[in-house]
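In what follows, a single structure is set out as structure tokens and then discussed.
Naming convention: chains lettered A, B, ... in sequence-line order (proteins, then strands); numbering from 1 in each chain. Please read these numbers as outputs of a predicted model, since none were measured by experiment.
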Amino acid sequence: MLELHNGALHVSEILARWCDEEARNNYGAYIPFVGTVRSEDSIDGLSFDIYEPILENWFSAWQFKAKEVGAIVKMAHSRGDVMLHESSYIAAVFSPKRRVALEMIDSFVEDFKASAPIWKYDLKGGNRIYAADRSTPIKNSGLLGKKS
Amino acid sequence: MLELHNGALHVSEILARWCDEEARNNYGAYIPFVGTVRSEDSIDGLSFDIYEPILENWFSAWQFKAKEVGAIVKMAHSRGDVMLHESSYIAAVFSPKRRVALEMIDSFVEDFKASAPIWKYDLKGGNRIYAADRSTPIKNSGLLGKKS
Amino acid sequence: MVQVEFLGPISKEPMQLEASSLHDVAKVLNEDSELKTWLESAAVAVNDTLVSSLDVALKDGDKVSLLPPVCGG
Amino acid sequence: MVQVEFLGPISKEPMQLEASSLHDVAKVLNEDSELKTWLESAAVAVNDTLVSSLDVALKDGDKVSLLPPVCGG
């Protein structure tokens with residue numbers, strides 16, 4: 001399940017709801033990853049754009065990959081502005097066994113960072129500035145660039 | 001922080017409380033690991049004995065190790081009986097950055113499994129049976145055994 | 001005609017253009033100097049599927065999307 | 001006298017015995033056939049610190065604990 005919320009995530013509500021949803025499904029390990037906006041570089045917060053069709057395809061591929069090893073993945077992300085100390089991202093793995101869950105939360109979060117079509121902006125003094133220096137080109141980027 | 005509870009853990013309460021405790025401490029990543037009793041081998045539940053003095057020493061060493069990289073660890077565990085689909089274990093890492101948190105939750109949980117002085121019993125038809133086949137000797141075990 | 005969309009921080013309205021493959025799209029976009037840096041760092045999707053080569057045939061009504069470097073979380 | 005405690009599933013009451021090192025403790029405990037398997041798999045702590053050798057001097061009032069294989073979580 002993939003959920004997109006306008007503004008900050010209600011972390012406790014989401015963690016509890018996911019836990020309840022799977023309470024009877026005999027998973028031995030539940031590992032959520034919660035990403036929270038840090039105070040740094042005098043930002044007031046962050047803001048996010050999401051391209052949903054490709055995010056949904058990316059997430060579906062992960063659901064399939066998880067299912068092959070008896071696990072499931074869930075994810076929530078914010079659209080728009082999220083202020084300091086608020087949370088913008090939760091990913092979670094449920095699995096019968098701990099090793100699968102520990103390895104999958106790591107590879108899921110890292111692939112998310114490298115591939116999910118989400119753009120981050122710093123909110124600073126009323127401006128919304130693309131976080132170019134912290135962004136990663138998706139695999140096979142640059143196809144349309146002039147050959148040197 | 002290390003907390004021991006009699007019986008099953010209230011997962012949502014603990015996850016929310018820990019999140020609140022650290023809400024203003026500028027951690028960018030929060031990763032809890034939740035362990036839940038699975039229905040297998042027709043058990044009714046599990047039961048745990050804990051030797052607290054050594055558990056506290058073990059946990060203090062981890063708090064120190066986490067502090068060196070700017071992170072913190074928290075843990076909750078059940079004493080006594082925990083029935084099917086209830087949770088007996090929560091470990092969590094808070095860290096400024098995600099890589100530290102992802103690596104530490106893995107090594108913390110694995111070291112917990114190998115070293116924490118906690119003994120597990122299957123609850124089956126009114127009996128409490130030591131889970132010998134799933135248990136791991138602590139490092140340097142067997143010192144007192146007869147040399148062959 | 002294919003529709004070209006610029007996602008995230010690329011502030012540019014969608015374009016309609018004649019193209020029978022991504023090579024044709026590349027040719028047109030490279031004429032726009034504003035787009036130069038974005039073209040070098042953007043991934044390309046056709047009808048919401050990321051592609052790894054320009055050798056993709058396009059037909060009328062196809063959608064080409066440019067995805068600049070990402071940073072979710 | 002040192003106190004020897006048996007933790008977790010080892011169902012045995014604590015023992016008091018004369019011992020000036022863990023070697024002495026090993027000698028006494030190995031005479032108890034019930035303990036044989038546990039001795040081969042148990043870790044040893046002196047005053048709640050795990051030890052890696054029997055060459056540990058003991059003094060009056062010390063506590064020796066036997067920790068059988070663990071399985072928390």
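- The two residues P137(A) and P69(C) come nearest to each other via the heavy atoms N-CB, 3.7 Å.
- Aromatic rings from Y130(A) and W38(C) are positioned such that their centres are separated by under 6.0 Å.
- Once rounded to the nearest 0.5 Å, the distance linking CG of L144(A) with NZ of K36(C) reads 13.0 Å.
- Residue D48(C) holds its CG atom at 6.5 Å from CG of N57(A), rounded to the nearest 0.5 Å.
- Per-residue heavy-atom pair counts under 4.5 Å with chain C were compared for I54(A), D49(A), V37(A), L55(A), and the maximum is reached by I54(A).
- Contacts between residues 10-17 of chain C and chain A, defined by a heavy-atom separation under 4.5 Å, are made by no residue at all.
- With rounding to the nearest 0.5 angstrom, the CG atom of L50(C) is 8.5 Å from the OG atom of S141(A).
- L66(C) contributes atom CG, which lies 9.5 Å from atom CG of L143(A) (distance to the nearest 0.5 angstrom).
- Both the backbone and the side chain of L67(C) come within less than 4.5 Å of a heavy atom in chain A.
- For a residue to count as touching a neighbouring chain, one of its non-hydrogen atoms must lie under 4.5 Å from one of that chain's; by this rule Y121(A) touches chain C with the side chain only.
- Residue contact with chain A, scored on non-hydrogen atoms closer than 4.5 Å, is absent for L35(C).
- Interface remark: of the candidates G73(C), P68(C), S53(C), A43(C), G73(C) forms the most heavy-atom pairs closer than 4.5 Å to chain A.
- Within 6.0 Å of NE2 on H5(A) lie more than 12 heavy atoms contributed by other residues, nucleotides or ligands.
- When heavy atoms are compared at a cutoff of 4.5 Å, A114(A) approaches chain C solely by way of its backbone atoms N, CA, C and O.
- By a heavy-atom distance cut of under 4.5 Å, H77(A), S88(A), Y89(A) are the residues of residues 62-95 of chain A near chain C, going up by number.
- In terms of non-hydrogen atom pairs under 4.5 Å with chain C, the most contact-rich of Y51(A), F112(A), W119(A) is W119(A).
- For S52(C), the parts sitting under 4.5 Å from any heavy atom of chain A are the backbone and the side chain alike.
- Of the atoms belonging to S65(C), it is side-chain heavy atoms, and not backbone ones, that fall under 4.5 Å from chain A.
- A donor-acceptor pair under 3.5 Å is absent between the side-chain atoms of K120(A) and the main chain of V70(C), judged by distance alone.
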